[in-house]
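Note that the coordinates shown come from a computational prediction; the quantities given were computed from them, not determined experimentally.
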Amino acid sequence: MVPGKLRAIWSGFVGAIGALVGLAPHVLHHVGALAGTALVAGAGGTVLFGVVGLVASVPMLWRLRRRFNSWWAPSIALVVFAAMFSLSTFVVGPLISGGGDTAPGGGERPTPATTDHTGHHGS
């Protein structure tokens with residue numbers, strides 16, 4: 001096989017893996033009721049997919065290091081990754097999920113002033 005063609009096939013394969021890893025957080029909630037909510041909800045899911053994204057970017061970071069013969073390019077790429085991940089986590093996520101001002105069941109979240117904790121204890 002021609003080296004250029006092999007490189008193109010490999011680049012396509014790596015791109016497909018990158019697309020799959022990028023789409024995983026968005027489609028994983030469709031796997032099942034428990035898996036979708038327990039795995040990707042809250043801070044645990046944010047940390048999980050942040051680490052997965054960072055680990056998945058390591059080969060690209062090494063390639064940038066070799067190509068530019070400096071740590072500047074991988075450092076800039078990590079800053080861009082962190083900025084886009086933060087934008088997605090703290091801005092886009094709350095916008096599409098309703099901002100987190102409702103409880104998981106759809107009702108209002110109780111505040112300390114509205115919670116009567118002694119009422120159900122029988123005292």
Side-chain angles (χ1 to χ4, degrees):
M1 191 176 282
V2 179
K5 191 164 187 104
L6 183 62
R7 177 177 231 148
I9 291 170
W10 177 251
S11 295
F13 176 72
V14 170
I17 296 294
L20 182 66
V21 169
L23 287 174
H26 304 286
V27 298
L28 194 58
H29 68 275
H30 294 289
V31 172
L34 183 60
T37 57
L39 184 61
V40 298
T46 301
V47 170
L48 172 70
F49 286 111
V51 170
V52 167
L54 184 61
V55 169
S57 68
V58 167
M60 179 200 65
L61 296 173
W62 279 110
R63 186 176 294 167
L64 285 171
R65 166 70 174 99
R66 284 192 306 262
R67 181 174 184 157
F68 292 101
N69 199 24
S70 168
W71 284 105
W72 280 106
S75 300
I76 292 170
L78 279 177
V79 168
V80 170
F81 171 80
M84 297 309 293
F85 187 79
S86 297
L87 177 73
S88 173
T89 300
F90 301 118
V91 177
V92 176
L95 283 176
I96 64 174
S97 69
D101 53 354
T102 59
E108 290 290 321
R109 288 185 187 242
T111 61
T114 61
T115 304
D116 182 15
H117 195 88
T118 59
H120 67 271
H121 284 282
S123 52

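Across all their heavy atoms, Phe81 and Gly50 have their closest contact at CZ-O, 3.9 Å.
Residues passing the side chain to side chain contact (heavy atoms under 4.5 Å, CB included) test with Ala56, sequence neighbours excluded: Val21. Residues passing the side chain to side chain contact (heavy atoms under 4.5 Å, CB included) test with Arg66 are Trp62, Arg63, sequence neighbours excluded.
Side-chain atoms of Ser57 come within 3.5 Å of backbone atoms of Leu54 as a donor-acceptor pair (strictly under, hydrogens ignored). At least one donor-acceptor pair closer than 3.5 Å links the side chain of Ser11 to the backbone N or O of Arg7.
Phe85 and Leu78 fall into different hydrophobic clusters, defined by Ile, Leu, Val, Met, Phe, Trp and Tyr side-chain heavy atoms under 4.5 Å apart, directly or through other members. A continuous path of Ile, Leu, Val, Met, Phe, Trp and Tyr side chains, each step under 4.5 Å between heavy atoms, connects Ile17 with Val52, placing both in one hydrophobic cluster. Linking Ile, Leu, Val, Met, Phe, Trp and Tyr whenever their side-chain heavy atoms come within less than 4.5 Å leaves Leu61 and Trp71 in two separate clusters. Transitive grouping of hydrophobic side chains (ILVMFWY, heavy atoms separated by less than 4.5 Å) brings Val80 and Val91 into a common cluster.
Through side-chain heavy atoms spaced under 4.5 Å, either directly or across other Ile, Leu, Val, Met, Phe, Trp or Tyr residues, Val47 is tied to Val51, Val55.
Heavy atoms of other residues, nucleotides or ligands lying less than 6.0 angstrom from CE of Met60 number more than 12.
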